[in-house]
Protein chains: 2
Amino acid sequence: MEATLDLIGGQWKGVILFRLGEGTKRFNELQKLLKRVTPRSLTRQLRELENDGLIVRKVYAEVPPKVEYSLSDKGRTLGPVIGALIDWGNTHAL
Amino acid sequence: MEATLDLIGGQWKGVILFRLGEGTKRFNELQKLLKRVTPRSLTRQLRELENDGLIVRKVYAEVPPKVEYSLSDKGRTLGPVIGALIDWGNTHAL
DNA sequence: CGGCATCCTTTTTGATACTG
DNA sequence: CAGTATCAAAAAGGATGCCG
């Protein structure tokens with residue numbers, strides 16, 4: 001369980017995973033959805049999620065650049081966990 | 001969900017919650033169960049969990065001192081969440 | 001036994017500016 | 001658009017020692 005928390009415990013990782021659960025998103029879209037995140041932080045969280053194999057980063061060789069992020073198969077297995085977190089939060093939020 | 005992660009996202013909080021789910025524990029017992037945690041860190045995590053109303057701290061006015069930690073009613077509602085985290089970790093651990 | 005105080009090092013985060 | 005670079009600041013964590 002410590003391992004699981006390490007994977008989703010980052011400041012923004014939970015929300016990123018949740019948002020990507022809704023569908024593929026571009027860097028810019030994520031940045032708008034996660035108010036108050038700096039590009040630097042967002043980049044780092046995305047890289048960690050990618051290294052952990054939870055999300056997939058797809059780069060299009062275009063101008064202007066286009067990068068899409070989506071859940072990997074492994075990332076999708078987190079669905080129930082994310083769901084449990086959200087349910088509890090909705091029920092017990094201050 | 002960010003709120004939920006804040007509550008259980010600390011370095012040791014998940015394990016503490018899990019262990020207290022097994023039953024009431026004393027400070028010393030927790031320290032033994034959580035290898036490598038320093039008293040300072042353990043104290044701080046316990047205080048935060050207490051302030052969040054997830055655990056109960058009971059002090060006995062004895063010599064030597066005795067302090068017991070246990071889950072609060074609110075803390076017990078986290079059971080399914082903890083369970084989901086553990087299940088996922090067991091299934092997908094490296 | 002169950003801490004708190006102090007000091008120090010490591011890790012994380014933010015703000016701002018700039019680039020392929 | 002999707003980042004990187006750099007600096008500064010804050011938060012977290014460990015080590016050690018002392019106390020009621």
Side-chain angles (χ1 to χ4, degrees), chain A residues 1-17 19-20 22-52 54-72 75, chain B residues 1-17 19-20 22-52 54-72 75:
Chain A
M1 102 160 284
E2 292 162 89
T4 309
L5 278 177
D6 277 351
L7 296 187
I8 67 175
Q11 170 94 70
W12 302 101
K13 291 185 184 177
V15 209
I16 293 173
L17 258 8
R19 290 302 185 175
L20 290 185
E22 301 171 340
T24 298
K25 299 256 185 294
R26 299 180 60 171
F27 187 90
N28 219 359
E29 296 180 282
L30 287 172
Q31 199 176 355
K32 281 173 211 146
L33 288 170
L34 285 57
K35 298 295 182 198
R36 293 183 303 277
V37 73
T38 57
R40 185 183 178 282
S41 295
L42 181 55
T43 299
R44 212 164 28 77
Q45 302 272 307
L46 287 168
R47 289 290 181 283
E48 288 182 20
L49 290 169
E50 189 190 0
N51 289 335
D52 291 334
L54 297 178
I55 67 175
V56 176
R57 178 168 180 263
K58 187 167 183 181
V59 183
Y60 294 82
E62 303 176 355
V63 177
K66 176 176 162 185
V67 181
E68 284 182 345
Y69 294 91
S70 56
L71 290 184
S72 67
Chain B
M1 103 160 285
E2 291 161 273
T4 309
L5 278 177
D6 278 351
L7 295 186
I8 66 175
Q11 169 92 70
W12 302 102
K13 290 185 183 177
V15 210
I16 293 173
L17 257 9
R19 291 302 186 176
L20 290 186
E22 300 170 341
T24 297
K25 300 255 185 295
R26 298 181 58 175
F27 187 91
N28 220 358
E29 296 180 279
L30 287 171
Q31 199 175 355
K32 280 174 210 146
L33 287 169
L34 284 59
K35 298 295 184 202
R36 294 183 302 278
V37 74
T38 58
R40 184 183 179 284
S41 294
L42 181 54
T43 299
R44 219 164 34 77
Q45 302 271 305
L46 287 168
R47 287 292 180 282
E48 288 181 15
L49 290 170
E50 190 190 358
N51 290 334
D52 291 334
L54 298 177
I55 67 175
V56 175
R57 179 170 180 260
K58 187 168 183 181
V59 183
Y60 294 82
E62 302 176 357
V63 178
K66 176 175 161 187
V67 181
E68 284 183 346
Y69 293 91
S70 56
L71 289 184
S72 68

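Note that this is a predicted model, so its numbers are computed, not measured. In what follows, chains carry the letters A, B, and so on, assigned in the order in which the sequence lines appear, proteins first and then strands, with residues in each chain numbered from 1.
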Student: What's the separation between atom CD in A:Gln45 and atom CG in A:Leu34, rounded to the nearest 0.5 Å?
Tutor: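 Result: 9.0 Å between the selected atoms.
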Student: Mind checking whether B:Leu30 and B:Leu46 have side chains closer than 4.5 Å, heavy atoms only?
Tutor: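 When only atoms from C-beta onward are counted, B:Leu46 and B:Leu30 do touch, with a gap below 4.5 Å.
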Student: For B:Leu71, check side chain to side chain contact (heavy atoms under 4.5 Å, CB included) against everything at least two apart and list the hits.
Tutor: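 Expected list: B:Leu17, B:Leu20, B:Ile55, B:Arg76.
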Student: Using a cut-off of 4.0 Å between protein heavy atoms and nucleotide atoms, how would you tag nucleotides 9-14 of chain C 5' to 3' with B, S and -?
Tutor: ----BB
Student: Could you pull out all residues at least two apart from B:Glu48 that satisfy salt bridge (Lys or Arg N to Asp or Glu O under 4.0 Å)?
Tutor: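 B:Glu48 satisfies salt bridge (Lys or Arg N to Asp or Glu O under 4.0 Å) with B:Lys13, B:Arg44 once adjacent residues are dropped.
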Student: Go through the structure and list residues passing side-chain hydrogen bond (donor to acceptor under 3.5 Å, both in side chains) with A:Glu2, not counting sequence neighbours.
Tutor: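 Per chain and number, A:Glu2 pairs via side-chain hydrogen bond (donor to acceptor under 3.5 Å, both in side chains) with no residue.
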Student: Work out how much the helix from C:dC1-D:dG20 to C:dG20-D:dC1 bends between its end axes, five pairs an end, to the nearest 10 degrees.
Tutor: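 The angle separating the two end axes equals 60°.
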Student: Apply side-chain hydrogen bond (donor to acceptor under 3.5 Å, both in side chains) to B:Thr4 and list each qualifying residue two or more places apart in sequence or on a separate chain.
Tutor: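 Applying side-chain hydrogen bond (donor to acceptor under 3.5 Å, both in side chains) to B:Thr4 gives none.
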Student: Would you confirm whether B:Ser72, through its side chain, and B:Leu54, through its main-chain N or O, come within 3.5 Å as a donor-acceptor pair?
Tutor: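 Checked: pair present.
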Student: Could you state the atom-to-atom distance from CD1 of B:Ile16 to P of C:dG2 in whole Å?
Tutor: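 The distance from CD1 of B:Ile16 to P of C:dG2 comes to 14 Å, rounded to the nearest Å.
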Student: With sequence neighbours excluded, tell me which residues meet side-chain hydrogen bond (donor to acceptor under 3.5 Å, both in side chains) with A:Glu22.
Tutor: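 Once residues adjacent in sequence are excluded, the partners of A:Glu22 under the side-chain hydrogen bond (donor to acceptor under 3.5 Å, both in side chains) criterion are A:Arg19.
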Student: Under the side-chain hydrogen bond (donor to acceptor under 3.5 Å, both in side chains) rule, collect the residues that match up with B:Arg47, sequence neighbours excluded.
Tutor: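 side-chain hydrogen bond (donor to acceptor under 3.5 Å, both in side chains) check on B:Arg47 returns nothing, list empty.
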Student: Take the protein atom CD of B:Glu50 and the nucleotide atom C1' of C:dG3, then report the distance between them rounded to whole Å.
Tutor: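 Spelled out: CD on B:Glu50 to C1' on C:dG3 is 13 Å.
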Student: Between B:Gln31 (CD) and C:dC1 (C1'), how many Å, whole number?
Tutor: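 Nearest whole value for this atom pair: 10 Å.
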Student: Contact class for B:Pro64 (heavy atom, under 4.0 Å): base, sugar-phosphate, or nothing?
Tutor: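 Sugar-phosphate contact only - B:Pro64 comes under 4.0 Å of backbone atoms but never of a base.
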Student: Could you list where the contact with chain A starts and ends along DNA chain D, reading 5' to 3', using a 4.0 Å heavy-atom cut-off?
Tutor: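 That gives a stretch of D:dC1 to D:dT6.
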Student: Which part of the nucleic acid, if any, lies within reach of B:Tyr60 when heavy atoms closer than 4.0 Å are counted: base, sugar-phosphate only, or nothing?
Tutor: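 It contacts nothing in the nucleic acid.
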Student: Scan residues 57-66 of chain B for pairs that pass side-chain hydrogen bond (donor to acceptor under 3.5 Å, both in side chains), counting only residues two or more places apart or in two chains.
Tutor: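 Listed by first then second residue: B:Arg57-B:Tyr69, B:Tyr60-B:Glu68.
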Student: Suppose the criterion is side-chain hydrogen bond (donor to acceptor under 3.5 Å, both in side chains): which pairs have a residue in residues 24-40 of chain A, not counting sequence neighbours?
Tutor: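 Checked against side-chain hydrogen bond (donor to acceptor under 3.5 Å, both in side chains) - neighbours excluded - the pairs reaching residues 24-40 of chain A are A:Thr38-A:Ser41.
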Student: Rounded to the Å, how far apart are B:Phe27 CZ and C:dG3 P?
Tutor: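 Rounded to whole Å, this separation is 5 Å.
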